[in-house]
There are 2 protein chains.
Amino acid sequence: MSRRRPIAAALPAEPLDPAQIAGQVIDGDCIAVMRRLPDACVDMVFADPPYNLQLAGPLHRPNNSRVAGVEDDWDKFADFAAYDAFTHAWMAEARRILKPAGTIWVIGSYHNIFRVGAALQDLEFWILNDVIWRKTNPMPNFRGRRFTNAHETLIWAARDARSRYRFNYKALKQLNDGLQMRSDWLLPICSGPERLKDDDGRKAHATQKPLALLYRVLQAASAPGDLVLDPFFGTGSTGVAAKALGRRFIGIERDPGHVALATSRIAAAPDSADPRLLGGDGFEREPRIAFGLLVEAGLLAVGDTLVDRTGRHQVRVRADGLVEAGRGRSQAIGSIHQMGAKASGGPSCNGWVFWHVSHPDGTLEPIDGLRQHLRAEIARGRDAAADDHDDGDDRMVDEAGDGDLTTYPEQPVS
Amino acid sequence: MSRRRPIAAALPAEPLDPAQIAGQVIDGDCIAVMRRLPDACVDMVFADPPYNLQLAGPLHRPNNSRVAGVEDDWDKFADFAAYDAFTHAWMAEARRILKPAGTIWVIGSYHNIFRVGAALQDLEFWILNDVIWRKTNPMPNFRGRRFTNAHETLIWAARDARSRYRFNYKALKQLNDGLQMRSDWLLPICSGPERLKDDDGRKAHATQKPLALLYRVLQAASAPGDLVLDPFFGTGSTGVAAKALGRRFIGIERDPGHVALATSRIAAAPDSADPRLLGGDGFEREPRIAFGLLVEAGLLAVGDTLVDRTGRHQVRVRADGLVEAGRGRSQAIGSIHQMGAKASGGPSCNGWVFWHVSHPDGTLEPIDGLRQHLRAEIARGRDAAADDHDDGDDRMVDEAGDGDLTTYPEQPVS
DNA sequence: GACGAATCTGAATCCCGTC
DNA sequence: GGACGGGATTCAGATTCGT
């Protein structure tokens, strides 16, 4: 198989406490280290495993300079079977320590990504997307024998098919100028000052990933305070991005030199901004408003008529927070959603945007506008109350707006 | 497994003659049909196999309209093992009938492409590139639970690691405005008039591929007259593109309705232009000129001195087409390329651009200039001769300039 | 017929909290 | 865990409809 270190079966398997080692880089084989972590303890895994590059010999540019490829021992495997066994082993451990709602990201190239993707499926991970990192500045194909290999592939997968995983949809839509984020991401490769060099000016790691890539991954599929594990930590880009975004991390790395480099790099890296600015989705779920509240608040009156956009359907507002249509035998009563579904003929309906009130000038306004009005009033009252108590060292923040409070220490503003 | 037809073990396995059936659509299971073809008879395979989508239930757009998903029987497999067995079976046959220098293309999505890529590697195909088809107009993600699935993946692989496969580098570079063609291609999905409809106005096939995609694949990895096999022919886009580009094809399709549709579609499709305009690379490899020919042609004389760009190294021209440096014991003899490599210290060297002749005015000219001069003269003579014989039914064209002659029937100008 | 608005559609593994 | 019900969710391009 490979010339990697013997795995840790013989080493003492002292348990590790995830909370204790968060923010650290653990020196060791990732399989051995993961075995010491408890089940279901991390929220996300980001993995940049060896690519199994299989370069035949040294490659030279047309001007005869030599291309510095990946020639490290960690990228050497005897054959596909050896690579598959290795992949299966680390991935099974990663799945064990992943929380049920957690997701995994794995990055690779055509040399290994098909083995990786098949292994994920075989282990019953559930693929959510394959994401293409399109490089703005890839290395050209010097021989002119293939297409410029201008991308790498990331696979994003949930722990299983029924996972209620996190995806910060609105935050990413915002990042993409108001349109859904697509599965193809255009980002530069890691170069310039971001690229770590050793004392001789050579690159410190053969496959350092750009921070921008890690930012986007963490923004998409984790929340502030989440614990992110990177089993192939390298120079620690995952840690730097996690620190900047208020996520906690555990890094595992076999090469002691890289462990030291990553540790000092992260210590020097900027900390996260005010955690309140980092919210999971950036757009927390708004507090729920029952339709009946609009009547209580005087925004609608019992007996008012609601119409759909085309004017083809109408309902009357009842006192109990339901609406009714028709008279006598053909009368139907239900929630705004149920009656909207009935009217539109679909399996479901968002009554808030389906039904409208008619203004005197003939224009229609969705009742969602009334709801937003009411929400704003409620928020003003809540903020006034909160101002009286906002002076502690720790903040209690309802990240998701769902009543779960996350506590974490105050962070300096960077 | 799937509800496909029983495979053809029990059917009579009458051999098929590739030359006879070129241009036809064969009705049947692709594995059974391929078994009837001889070894090493096709130049390229393009395959668009079932993706194994595993759709759970109906999906609706926000406006409550229902998405027409792929619900055909041909995309139903019991599990990954069944899909893998199917993949392995058709792919092994495809490899058998592929010429040693042939390549295969397979397109898929994250549902199946990892199984496909691993199977290719397990069968000892040699992956050359994974190519990303980025869609300009993908279907959005309606529930906001994932990234817009905005691409599909093609894998391009040679029959084995040592294949001398065809890649029309210059033609694709030209297609890409003078820059190397990258591994990410931006193309619209198949819609509008190109999308075939049945009598009711519904799409005739759930997964029709755009012609532009096939054009690029055929342009990249085949030559005029090549025989291209598509084992999942569907509505025959591969055949239409092949006809337009002067490639021959064999299509295999299980569904008799699709066979009929593809056949009539191809019959109505425009034929290729003058084959001389379609050249394999669009830029035929220039005929090879031996260095010694420069002496024969009087462009260099025996004993002339060649120097490198800096003037630090020199060699003398010999009568045998080699060059020599030094005198007596330190004398070295070799080709212009070998002696260039020795002088520059690299593992290889293009002697044509490394070595120069000195003009009387002191300027240096690469000997490649002399070669181009000679080529132009040769081309003038060849064209004059060709005009006298350009009236046969078949043409013999040395596409690659390497002495391999490909014969193909004359095509009318469209 | 021209132009703008409204509608339709595409290889899709497409919800979540509460009781 | 299963059932129930609230309510959140789309982009580009072609085609059809309306004036």
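Treat the numbers as computed from the prediction; the structure is a model and nothing was measured. Numbered from 1 within each chain, the chains take letters A, B, ... in sequence-line order.
- Remark: nothing in residues 146-157 of chain B comes within less than 4.0 Å of DNA chain D through any heavy atom.
- Across all strands, B/Pro49 comes closer than 4.0 Å to base atoms (heavy-atom distances).
- Ionic pairing of B/Arg115 and A/Asp122 is present here: one or more N-O contacts between side-chain nitrogen and carboxylate oxygen are shorter than 4.0 angstrom.
- Which of C/dG10, D/dT9, C/dA11 sits closest to the side chain of B/Val70 comes down to C/dA11.
- A/Phe167 and B/Phe147 have perpendicular rings, their planes meeting at more than 60° on a 0 to 90° scale where under 30° would count as parallel.
- The only member of A/Lys99, A/Arg159, A/Arg247 that meets salt bridge (charged side-chain N to carboxylate O under 4.0 Å, His left out) when paired with A/Asp43 is A/Lys99.
- Within 4.0 Å of B/Thr207, counting heavy atoms only, lies at least one base atom of the nucleic acid.
- For C/dC15, the OP1/OP2 oxygens have a side-chain nitrogen or oxygen of B/Arg143 closer than 4.0 Å.
- For A/Asp130 and B/His151, the side-chain atoms include at least one donor-acceptor pair closer than 3.5 Å.
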Dot-bracket for DNA chain D: what is it, with Watson-Crick or G-U pairs under 3.5 Å, [ ] where a pair crosses earlier ones, and | for a pair to another strand? .|||||....|||||||||
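- One can find a donor-acceptor pair under 3.5 Å joining the base of C/dA11 and the side-chain atoms of B/Lys209.
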Using a cut-off of under 3.5 Å, enumerate the N/O to N/O pairs linking the protein to nucleotides 2-6 of chain D.
unit_1 : atom_1 : unit_2   : atom_2 : d
D/dG6  : OP2    : A/Ser335 : OG     : 3.1
D/dG6  : O3'    : A/Arg288 : NE     : 3.4
D/dG6  : O3'    : A/Arg288 : NH2    : 3.1

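- Remark: A/Tyr169 is in phosphate contact with D/dT10, judged by side-chain N or O atoms under 4.0 Å from OP1 or OP2.
- Remark: A/Lys170 is in phosphate contact with D/dT9, judged by side-chain N or O atoms under 4.0 Å from OP1 or OP2.
- Position along DNA chain C of the nearest nucleotide to B/Phe80 versus B/Arg202 favours B/Arg202 as the more 5'-ward residue.
- For the P atoms, the distance from C/dA11 to D/dT15 is 15 Å, rounded to whole Å.
- Between B/Glu71 and B/Arg66 there is a salt bridge, since at least one side-chain N of the basic residue sits less than 4.0 Å from a carboxylate O of the acidic one.
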Take B/Arg134 and B/Glu152, measure what salt bridge (Lys or Arg N to Asp or Glu O under 4.0 Å) needs, and give me the verdict at the end. CA-CA 7 Å; B/Arg134 301 175 49 223; B/Glu152 292 185 24; over 6 Å; no
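- Contact annotation for A/Ile127: base contact, defined as any heavy-atom pair under 4.0 Å involving a base atom.
- Ion pairing between a basic and an acidic side chain is recognised when a charged N comes within 4.0 Å of a carboxylate O; B/Lys209 and B/Asp48 show such pairing.
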Heavy-atom protein contacts under 4.0 Å, nucleotides 12-19 of chain D, coded B base, S sugar-phosphate only, - none: SSSS----
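- Along DNA chain C, the nucleotide nearest to A/Arg309 and the one nearest to B/Arg61 differ in position, and the one closer to the 5' end is contacted by A/Arg309.
- Distances were taken from every side-chain heavy atom of B/Ile189 (C-beta onward) to each of C/dG10, D/dC11, D/dG7; the shortest belongs to C/dG10.
- Aromatic rings of B/Trp74 and B/Phe232 (six-membered ring for Trp) have centroids beyond the 6.0 Å cut-off, not under it.
- As rounded to the nearest Å, D/dG7 and C/dC14 have P atoms that lie 23 Å from one another.
- Closest approach to the B/Met139 side chain among C/dG10, D/dC11, C/dC16 is made by C/dG10 (side chain taken as heavy atoms from C-beta onward).
- One side chain, A/Glu365 or A/His359, offers a donor N or O that lies under 3.5 Å from an acceptor on the other.
- Among the nucleotides C/dG10, C/dT7, D/dT9, the one closest to the side chain of B/Ala68 is C/dG10.
- Annotation: side chain to side chain contact (heavy atoms under 4.5 Å, CB included) contacts of A/Glu377 (sequence neighbours excluded): A/His373, A/Leu374, A/Arg380.
- Checking C/dC14, D/dA8, C/dA11 against every side-chain atom of B/Asn141, the shortest atom distance belongs to C/dC14.
- As rounded to the nearest Å, C/dG1 and D/dC17 have P atoms that lie 16 Å from one another.
- Evaluation of the side chain to side chain donor-acceptor pair (under 3.5 Å) rule for A/Lys173 yields no partner, not counting sequence neighbours.
- Among the atoms of the strands shown, none is found under 4.0 Å from any heavy atom of B/Gly201.
- Side-chain atoms of A/Ser183 and A/Asn129 include no donor-acceptor pair closer than 3.5 Å.
- Taking the six-membered ring where the residue is Trp, the centroids of A/Trp185 and A/Trp133 are separated by 6.0 Å or more.
- For the residue pair A/Arg166 / A/Asn168, a side-chain donor-acceptor distance below 3.5 Å is found, with atom types taken as modelled.
- Judged by the 6.0 Å distance and 45° axis criteria, B/Arg145 is positioned over the aromatic ring of A/Tyr165.
- Rounded to whole angstrom, the span from the CZ atom of A/Arg162 across to the P atom of C/dC14 amounts to 12 Å.
- Comparing the C1' positions of C/dC8 and D/dT10 gives a spacing of 13 Å, expressed to the nearest Å.
- Counting to the nearest Å, the P atom of C/dC15 and the CG atom of A/Asn350 are 15 Å from each other.
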